Chemist: 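The structure under discussion is supplied below as structure tokens; questions concerning it will follow.
Predicted model, so just to flag it, every value in this text is computed and none were measured. So you know, we letter chains A, B, ... as the sequences are listed, proteins then strands, and number each from 1.
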Protein chains: 2
Amino acid sequence: MTDPIAEDAADDEASRSVVSRALAIIGTFHGGRERQSLSELSRNSGVPIATAYRIVQRLADWGALERDEAGKYRIGLRLWEVASLAPRSMGLQRIARPYMQDLYETTHYNVQLAVREGSELVSVERFQNPQYRRGRPRVGGRYALHVTAIGLVLLAHAPDEVREEVLAGPLKRYTEHTYTDPAQLRRVLAEVRSHGFAISDRQMDLDHVGVAAPVFGPDGSVVAALSLVLRHDDVDEKNMVHLVRVTANGISRALRKAGEAGRAPV
Amino acid sequence: MTDPIAEDAADDEASRSVVSRALAIIGTFHGGRERQSLSELSRNSGVPIATAYRIVQRLADWGALERDEAGKYRIGLRLWEVASLAPRSMGLQRIARPYMQDLYETTHYNVQLAVREGSELVSVERFQNPQYRRGRPRVGGRYALHVTAIGLVLLAHAPDEVREEVLAGPLKRYTEHTYTDPAQLRRVLAEVRSHGFAISDRQMDLDHVGVAAPVFGPDGSVVAALSLVLRHDDVDEKNMVHLVRVTANGISRALRKAGEAGRAPV
DNA sequence: ACCGAACCTTTCACCAGCCGGAAAGCTGTT
DNA sequence: AACAGCTTTCCGGCTGGTGAAAGGTTCGGT
């Protein structure tokens, strides 16, 4: 089996430590590689097999990994349990879901919620129209910031150094409409900030238009973005801007209220 | 601040290893303790502070932990990303959600999905009526098997040793209707197996009635359970049994189809 | 049935890297 | 200003981790 993804070997100074090796091992799991044998774990993480053996034993004892019937390892339920305490994903999600559901039920278009992590976005929650699902944005998946409406919102409100990094780096082209000129993208981002929403018109693929708006945390910073994705010939996306913004603001308000109540998800 | 939960110190043979210490540290997080300072992590995990410091550094470097503005540590987004690859939670959830949503929209009662982990149940997904939310079953939370309808289904189909363990152990009473007599519970579980569903009538609290049915994996084993929770004076729960069973069977069928397509969630 | 390949598991002796006490910074508080 | 609590750094002692290698097992091919 050839690897579609480059090997995850890491050669940092700190990568010799046991903890780093353990993390390298669990980091080999990603979409499309959800079950691995011990040998695969060793190969993909760059950790020697005997070492991997012992580490995997301990991870499995604790429940971070599990073995299936075939003896392969997969991410364990216990790890998911603690991960579901991550404020930036599940904490946010818990509050945002009712709003997203309302938006979905009034429009029946795909609704997305994402946060920024470094110079990428991570999809945190989505509601999809079953008749019409693009598998693409997997919950838990990472995607580029400069392509989608939701990414443009997050990029527009990112710290300067992140924005400059993305603007400097190569801007991968997906369609003829994708922004690949840094100067143009910079102009667009300024508009996103001043208007309070972003539109991505066939920049990811030629069939879809996205409308996105920022979600603010209790301290006024942008902690997430909400988007609605529709087919570009379905309806005029301008009509949807208000709806998306109102929903995003509703989530922001709920976050502020939850913050005041003590349990502050950011 | 006094701890509502007993200290998580562990003194096993293997608990001296670095990996086990790291896991002990991330294991100190649970509902109600989502943000901890380094000192708290050290105290709650039993790991000396200097050691905890080094381990936490590495966990934070990788993204398993993050620091918030106040300098406290919380579960990081990166950990949630890999955890969202756990077949028994997110894999199952991805398939079950549309069915759960349909059930919710036709009834507007609370819908739950849970799996068994050891002698407890872990809530994997839920749809709640906003007007009427009991905060109780937090997604990612653990609960006893003998009290709720969903737990009774999971317990009825658990391996013998698990069932015996639960029957032997103390059966905590929540209301006057809770099953606390092992012989009685054993009889109930046999009925659950033969009838293909479970009903919990005010056994958790005096207001709610639950109806639950098993979800089968591709190999015919019970991998999860689905439940509908209603107020006991709302409607005759018998009317709901058919609906819950049909929905659970729909999920089972979808799991089988996904299994045949290669990506087998269990 | 036989053989070979690939994988999983276990052992072992050495030494790299970890452990943790102690003390120095760094806040924010009385 | 002194204090209390938390975070960070340092370093000697030594223990648990490491990786090669061998035995066991499962599979597929001939």
Side-chain angles (χ1 to χ4, degrees), chain A residues 1-3 7 9-29 33-62 64-74 76 219 264, chain B residues 1-3 7-29 33-62 64-76 262 264:
Chain A
M1 181 184 180
T2 55
D3 270 316
E7 292 306 315
D11 304 291
D12 304 86
E13 2 49 65
S15 75
R16 317 287 307 269
S17 88
V18 194
V19 174
S20 306
R21 284 168 203 241
L23 292 170
I25 287 173
I26 72 168
T28 61
F29 289 90
R33 191 155 67 181
E34 302 185 353
R35 289 151 193 271
Q36 298 180 80
S37 70
L38 178 60
S39 306
E40 287 172 316
L41 286 170
S42 165
R43 247 176 291 125
N44 295 328
S45 64
V47 175
I49 190 160
T51 307
Y53 172 67
R54 238 169 322 96
I55 292 177
V56 164
Q57 290 275 326
R58 301 214 163 106
L59 291 173
D61 276 352
W62 188 81
L65 296 179
E66 296 173 351
R67 306 196 75 167
D68 64 12
E69 323 73 54
K72 293 207 167 194
Y73 292 93
R74 56 186 181 192
D219 62 351
Chain B
M1 180 185 181
T2 54
D3 270 315
E7 292 305 314
D8 315 273
D11 304 291
D12 304 85
E13 1 52 61
S15 76
R16 317 288 307 269
S17 89
V18 193
V19 174
S20 305
R21 283 165 204 241
L23 292 170
I25 286 172
I26 72 169
T28 61
F29 289 91
R33 192 154 67 179
E34 302 185 354
R35 289 150 192 272
Q36 299 180 81
S37 68
L38 179 60
S39 305
E40 287 172 318
L41 286 171
S42 165
R43 248 176 288 126
N44 295 328
S45 64
V47 176
I49 190 158
T51 307
Y53 174 69
R54 239 172 319 100
I55 292 176
V56 163
Q57 289 275 324
R58 296 203 172 115
L59 291 173
D61 277 352
W62 188 82
L65 296 178
E66 296 173 350
R67 306 196 73 167
D68 64 11
E69 325 73 54
K72 293 206 167 193
Y73 291 93
R74 57 186 179 192
I75 298 290

Chemist: How many Å lie between CG on L38(A) and C1' on dT25(D), as a whole number?
Modeler: 14 Å

Chemist: R33(A) vs E40(A), test: salt bridge (charged side-chain N to carboxylate O under 4.0 Å, His left out). Steps then yes/no.
Modeler: CA-CA 10 Å; R33(A) 191 155 67 181; E40(A) 287 172 316; over 6 Å; no

Chemist: With the sugar-phosphate defined as primed atoms, P, OP1 and OP2, and the base as all remaining atoms, what B/S/- string results for nucleotides 19-25 of chain C, 5' to 3', for protein heavy atoms under 4.0 Å?
Modeler: BBB----

Chemist: Any idea which of dC7(C), dC6(D), dT9(D) is nearest the R43(B) side chain?
Modeler: dC6(D)

Chemist: Any donor and acceptor pair, going by atom type alone, linking the side chain of T28(A) with main-chain N or O of L41(A) inside 3.5 Å?
Modeler: no

Chemist: Round to the nearest Å and state the distance from I25(B) atom CD1 to dT7(D) atom P.
Modeler: 13 Å

Chemist: What is the distance, rounded to the nearest whole Å, between atom CD of Q57(A) and atom C1' of dT10(C)?
Modeler: 10 Å

Chemist: Could you state the atom-to-atom distance from CD of E40(B) to P of dT7(D) in whole Å?
Modeler: 8 Å

Chemist: Going by distance alone, is a donor N or O of one side chain under 3.5 Å from an acceptor N or O of the other, for S42(B) and S39(B)?
Modeler: no

Chemist: In whole Å, I'd like the distance from the NZ atom of K72(B) to the C1' atom of dT7(D).
Modeler: 14 Å

Chemist: So that I can tick it off, tell me whether R74(A) and E66(A) are bridged by a salt bridge, with the cut-off set at under 4.0 angstrom between side-chain N and carboxylate O.
Modeler: yes

Chemist: I need the CG-P distance between L41(B) and dG5(D), as an integer number of Å.
Modeler: 18 Å

Chemist: Does S45(A) reach the main-chain N or O of A24(A) with its side chain, forming a donor-acceptor pair under 3.5 Å?
Modeler: no

Chemist: Is R58(B) near enough to dC18(C) that one of its side-chain N or O atoms lies under 4.0 angstrom from OP1 or OP2?
Modeler: yes

Chemist: Can you list the steps and then say if L65(A) with F29(A) is a side-chain contact (heavy atoms from CB on, under 4.5 Å)?
Modeler: CA-CA 11 Å; L65(A) 296 179; F29(A) 289 90; 3.9 Å; yes

Chemist: Given atom CG of D61(B) and atom P of dT8(D), what is their separation to the nearest angstrom?
Modeler: 12 Å

Chemist: For Y53(B) and dC11(D), give me the distance from atom OH to atom P, rounded to whole Å.
Modeler: 15 Å

